[in-house]
Amino acid sequence: MNKPIKAKNLPLFSIIDLDQLRREKHLEGTEVTDFFTARDGKIYLLMTHIFYTNRH
């Protein structure tokens, strides 16, 4: 007789420390604006460089 398989709650993907990613990849001043999953199973982040101006 077949026994049912007990499901586990697994995370969809690993948690990413965005601050650490920015430091390691020298992406300071960037912000994640979008993401998508590809056919290869990887998750790609779209990051935009944010410019701040001191206009009065």
Side-chain angles (χ1 to χ4, degrees):
M1 181 172 161
N2 292 337
K3 291 184 178 181
I5 299 172
K6 188 171 184 176
K8 292 183 178 181
N9 290 333
L10 298 175
L12 205 53
F13 50 85
S14 299
I15 301 300
I16 299 170
D17 183 344
L18 292 176
D19 290 328
Q20 181 181 353
L21 177 68
R22 287 183 187 104
R23 286 190 302 273
E24 290 176 358
K25 303 297 182 184
H26 307 288
L27 298 170
E28 291 85 1
T30 60
E31 189 174 275
V32 175
T33 56
D34 200 3
F35 71 93
F36 65 94
T37 55
R39 289 183 180 166
D40 61 5
K42 294 180 181 176
I43 297 173
Y44 291 86
L45 302 175
L46 176 61
M47 299 182 84
T48 304
H49 190 80
I50 305 300
F51 293 97
Y52 294 101
T53 60
N54 291 331
R55 293 185 185 178
H56 294 278

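All heavy atoms count here, side chains included; hydrogens, waters and symmetry mates do not.
- Leu27 and Phe35 fall within a single hydrophobic cluster, where Ile, Leu, Val, Met, Phe, Trp and Tyr side chains are chained together by heavy-atom contacts under 4.5 Å.
- The hydrophobic cluster containing Leu46, built from Ile/Leu/Val/Met/Phe/Trp/Tyr side-chain heavy atoms closer than 4.5 Å, comprises no other residue.
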Counting only pairs under 3.5 Å, give me each side-chain donor-acceptor contact of residues 18-25, with atom names and distances, residues two or more places apart or in other chains.
from	atom 1	to	atom 2	distance (Å)
Asp19	OD1	Arg22	NH1	3.1
Gln20	NE2	Glu24	OE2	2.8
Arg22	NE	Thr30	O	3.0
Arg22	NH2	Thr30	O	3.4

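- Screening residues 41-51 for side-chain hydrogen bond (donor to acceptor under 3.5 Å, both in side chains), with sequence neighbours left out, gives Thr33-Thr48, Asp40-Tyr44.
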